[in-house]
Amino acid sequence: MTVPAVTPLDLAAIRADFPLLAQEVNGHPLAYLDSAATSQKPQQVIDAEVEFLTHTNAAVHRGAHTLAAESTDAFEDAREAVAAFVGAGEGELVWTSGATAGINLVAYAIGNATLGRGGEAARRFALRPDDEIVVTESEHHANLIPWQELAARTGARLRHIPVLDDGRLDMDAAAELIGDRTRIVAFPHVSNVLGIINPIDDLMALARSADAITVMDACQSVPHLSIGLPATGVDFAVFSGHKMLGPYGIGGLYGKRELLNALPPFLTGGSMITTVTLDEAQYLPSPQRFEAGTQPVSQAVGLAAAARYLQELGMDAVHAHEVELERRMRDGLREIPGIRLLGDTDAAPRVGLAAFAVDGVHAHDVGQFLDSRGVAVRVGHHCAQPLHRRFGLTASVRASASVYTTPDEVDRFLDATGGVRAFFGAS
Amino acid sequence: MTVPAVTPLDLAAIRADFPLLAQEVNGHPLAYLDSAATSQKPQQVIDAEVEFLTHTNAAVHRGAHTLAAESTDAFEDAREAVAAFVGAGEGELVWTSGATAGINLVAYAIGNATLGRGGEAARRFALRPDDEIVVTESEHHANLIPWQELAARTGARLRHIPVLDDGRLDMDAAAELIGDRTRIVAFPHVSNVLGIINPIDDLMALARSADAITVMDACQSVPHLSIGLPATGVDFAVFSGHKMLGPYGIGGLYGKRELLNALPPFLTGGSMITTVTLDEAQYLPSPQRFEAGTQPVSQAVGLAAAARYLQELGMDAVHAHEVELERRMRDGLREIPGIRLLGDTDAAPRVGLAAFAVDGVHAHDVGQFLDSRGVAVRVGHHCAQPLHRRFGLTASVRASASVYTTPDEVDRFLDATGGVRAFFGAS
Amino acid sequence: MSLESLYQELILDHSKRPHGFGLAEADDHTGTSYQRNPICGDEVTLRVRVSEDGQTIRDVTWEGQGCSISQASASMLVDLIDGVPREKAAELIDGFREALRSRGTIELDEDVYEDAAALSGVSKFSARVKCAMLAWVALEEGLAQTS
Amino acid sequence: MSLESLYQELILDHSKRPHGFGLAEADDHTGTSYQRNPICGDEVTLRVRVSEDGQTIRDVTWEGQGCSISQASASMLVDLIDGVPREKAAELIDGFREALRSRGTIELDEDVYEDAAALSGVSKFSARVKCAMLAWVALEEGLAQTS
Ligand SMILES: Cc1ncc(COP(=O)(O)O)c(C=O)c1O
Ligand SMILES: Cc1ncc(COP(=O)(O)O)c(C=O)c1O
């Protein structure tokens with residue numbers, strides 16, 4: 001993969017923005033390599049939220065008083081900032097509580113259309129028995145179980161694109177699978193276990209030729225790549241704030257405006273309606289239609305600060321930095337005897353993470369050992385049991401980088417990993 | 001209503017904890033009387049969240065490393081603290097993103113049971129056409145539209161308990177309505193417009209005799225009353241963090257454990273499963289079953305701090321304080337010519353809020369006028385259109401108190417309200 | 001921003017004695033739009049009648065209830081728009097919207113907007129912009145039906 | 001907490017050469033339970049056989065895969081529980097759970113818990129408590145089937 005020439009990140013300056021990273025763990029400086037699970041938050045994000053809560057805070061879209069108006073402006077300005085970050089236009093960015101909620105929103109709204117909700121406009125979403133929903137074998141559970149459940153509720157069939165031995169999607173199989181019966185194609189932009197950036201143009205071409213609705217899980221790409229969601233052509237995409245230096249409890253659902261306005265609501269309640277009688281309600285257009293109840297207002301403000309922070313670093317620089325760390329991790333891991341990397345291919349572009357198994361030592365024990373050296377990694381199935389099963393594993397170890405990760409931290413991780421098998425007496 | 005003898009609140013000390021309240025608005029000290037929409041947050045809550053984010057933050061229930069373990073402990077300790085605040089036992093408190101999400105959870109899970117999800121255990125929840133769901137005419141849209149939609153999806157019928165002229169529920173009508181066909185009874189503990197504490201024991205007795213599932217909207221009671229949810233007998237109850245001095249983006253769903261474990265999941269994704277294959281998933285028991293995806297971890301920590309803050313004040317003292325303010329508001333408003341109070345009765349216990357219409361001046365204009373005097377109130381239908389229609393209005397003005405509200409603020413509100421009709425030349 | 005700059009005499013006058021209140025009969029040359037502010041429930045039903053050739057606005061009538069800003073805005077719109085060419089009306093609507101959304105940076109020209117120029121101050125009260133826009137959005141939709 | 005206090009020699013030994021590994025045949029006097037740690041996918045299938053009168057545990061066998069803590073814990077449980085009266089087993093399970101959940105405040109007594117006492121240190125690693133509990137929960141469930 002060619003990396004564009006960019007100004008490299010100023011790591012010392014960046015690290016000074018992340019108070020948590022300065023601490024010691026078990027007598028060692030913390031090396032936080034679990035950013036794919038959740039990222040740390042820069043002071044700028046924390047400050048933005050605290051500033052809002054201590055000076056502005058009031059209910060949005062609901063009051064005429066000064067604080068309410070200021071809060072509404074802050075909330076909608078935040079939407080604009082985050083929308084701009086992913087290239088979304090007006091009415092195309094819906095706040096959700098996170099990526100999981102975003103995918104459930106789309107799946108349930110399609111389910112509601114199938115049950116006749118949303119009238120004429122929503123008919124295009126209705127599923128019939130034997131319609132097919134296609135996912136991949138590399139899915140995070142968040143982009144798998146909602147579709148299993150939708151299939152179970154509607155009689156649609158769930159199918160999956162297999163993963164090759166080297167971790168890439170089997171695109172030949174995809175071409176066979178996606179066809180006349182395919183109504184929905186859901187896929188991850190980047191796998192949270194393999195770190196491989198999937199060939200979404202090819203997937204989109206297949207989905208388009210089948211006239212299928214496309215849903216992209218952009219959880220692991222939005223924080224790490226320069227990405228314009230409309231340019232990808234996907235109908236819907238989701239991401240989470242807490243993985244992109246932002247707060248918990250907030251995320252984004254991008255959707256083509258025309259589709260969002262045709263989709264029936266999912267959650268219902270206050271602030272998403274025009275007229276309500278005791279018997280029925282009329283719904284506002286997107287994004288309000290999907291934002292029932294009090295929204296995560298301070299979190300939106302915090303997420304906007306995170307988007308601005310990333311934008312100022314420059315997403316090309318962020319990507320270049322993380323790709324370099326990934327290279328260093330994978331090269332180092334290949335040198336250590338008894339390590340089996342998942343998706344160890346150079347035939348696909350990647351983000352900054354590596355997952356692996358250690359021969360004769362369970363992932364949990366590896367993680368505990370690394371932790372004793374101050375190195376924080378994730379162990380387990382990373383919410384991707386089918387993918388682990390594909391590789392004959394129940395668990396793996398994953399190290400993942402973010403903007404604040406240093407080459408030195410990677411080296412300490414490699415060094416510690418090199419000592420694992422000796423400690424546990426694995427032969 | 002008899003108010004127990006309690007140590008009165010130390011208002012000066014409390015106000016020092018709320019940095020936002022110290023500001024000026026339009027040249028006047030702020031009088032924030034919009035707490036029923038969203039409350040302000042004490043420094044203790046903000047600090048708890050910032051402390052977590054700058055020292056502990058990591059993904060919970062997912063890693064073996066030190067920060068992950070500490071975060072998991074903080075998250076589950078927070079659950080225990082909030083559960084204790086409402087009297088919930090183990091497995092009985094589910095985190096949600098707020099009350100709206102909580103009601104939707106119950107409604108959709110029942111919808112899923114109706115579609116055959118959740119197997120044998122969930123059968124008891126399945127609705128049949130002509131089954132009835134009973135709500136009240138005083139419902140917030142959050143406890144109305146989800147039931148309308150559930151009814152529309154399942155063929156069940158939605159019925160409602162009317163409101164009397166004085167704002168109380170028509171319990172005679174309720175006794176007629178609730179019967180053999182009733183499967184669900186949903187009601188607000190306290191109306192967010194009338195401030196009346198509903199006779200939930202009587203409602204529960206009716207629901208129990210019909211063997212109906214009960215869902216209580218406790219949004220406006222949990223922040224203001226000493227309440228033990230299990231003692232009320234309700235099957236499910238919801239509340240929101242941001243209305244009880246806590247963060248946005250978090251709330252609680254209380255449910256009887258046995259019911260929660262029988263209910264099919266709602267949102268699906270990571271961290272709520274045991275085994276996932278490409279075709280199906282097995283679900284964890286409550287609360288994890290309902291907590292798909294990354295949870296609002298720092299917000300849980302913040303909400304626990306809010307619960308502790310309230311607990312230290314003592315909920316009886318909080319209630320006594322707010323009732324006194326309500327008395328002052330309502331007495332004062334009665335003196336002002338051209339004011340029409342909603343639910344102006346002494347025949348029911350109340351919390352600290354008052355809603356009213358001003359003869360000849362639209363609520364929006366009243367709110368704007370009060371704002372120019374630094375007084376922040378809410379104007380509109382307060383997400384209760386049917387109730388406003390019941391009283392022949394489209395909008396009203398609502399002033400609402402919290403722990404930090406002072407008698408002086410109430411007086412300034414009354415004083416300003418007294419000047420409204422003259423300013424707008426209403427005769 | 002002072003309250004008086006928002007509620008100018010002119011605005012209160014229009015809101016109390018609104019022009020064009022009471023819907024005229026609908027016919028082949030009229031378009032009608034119902035608009036509602038979801039926040040407060042304010043509503044306007046507005047009917048616009050165009051000339052036989054569709055190029056000129058003949059008259060505008062409306063009914064509704066709401067705050068003084070929304071009522072005054074509808075009344076002022078009636079004065080301004082009666083007898084104006086269709087294209088000009090579209091321009092006026094666009095300019096009005098732009099000024100109202102400008103957060104106080106664009107003033108409406110009194111020579112162009114007549115009484116409605118008094119609504120410039122609303123743009124500094126972002127929560128009230130929807131109130132002032134209600135009738136103008138209704139006019140836009142109503143006109144679209146008469147093409 | 002040092003790593004060595006968690007991974008004592010004894011624990012690593014048990015995990016490498018686990019006792020009772022390999023499920024015995026099921027019959028009328030056995031109960032079998034499958035337990036899984038949802039976080040990491042570790043699993044244990046454990047079978048307990050009781051005496052004819054149901055009052056005494058005859059033997060415990062198991063299969064599974066997982067981290068050294070979960071494997072060692074199952075192995076140590078086998079040693080401890082074989083031949084123990086049913087009631088005593090229940091007590092042991094309760095005591096074990098209490099100590100493991102104590103966040104390091106309760107030490108398991110070596111005279112009572114034998115090798116399994118070495119698992120006391122796990123209670124300071126809250127993320128690992130589930131690993132150590134897996135076999136014990138399986139035993140509890142298995143026993144319940146044999147009453
Ligand atoms: C009575 C009542 N129910 C439900 C809600 C909805 O709560 P939320 O918007 O926090 O989901 C509110 C607040 O708006 C309320 O006052
Ligand atoms: C690829 C992928 N999809 C979805 C999710 C779910 O995101 P969240 O837990 O924030 O809802 C994650 C993160 O856990 C992920 O890595």
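Atoms considered below: every heavy atom in the structure, side chains included; atoms not considered: hydrogens, waters and symmetry mates. Keep in mind that what you see is a predicted model, and the values were worked out from it rather than measured. Letters go in sequence order (proteins before strands), and every chain restarts at 1.
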Output the residues of residues 368-376 of chain A for which the shortest heavy-atom distance to chain D is under 4.5 Å, in residue-number order; output 'none' if no such residue exists.
A:Gln368, A:Phe369, A:Ser372, A:Arg373
So, taking the atom named CG in A:Asp365 and the one named CZ in D:Arg128, what distance separates them when rounded to the nearest 0.5 Å?
5.0 Å
Taking atom [atom1] of [X] as the centre, report whether more than 12 heavy atoms of other residues, nucleotides or ligands fall under 6.0 Å from it.
X	atom1	answer
D:Glu87	CD	no
D:Arg101	CZ	no
D:Glu114	CD	yes

Which pair of heavy atoms, one from A:Phe423 and one from D:Leu12, lies closest together, and at what distance?
O-CD1, 4.1 Å
Just so I understand: if I count every heavy-atom pair under 4.5 Å between each of A:His382, A:His388, A:His362 and chain D, which residue has the most?
A:His362
Heavy-atom proximity to chain A below 4.5 Å, by part of D:Gln71
neither
State, without any angle test, whether A:His364 and D:Asn37 hold a side-chain donor-acceptor pair at a distance under 3.5 Å.
no
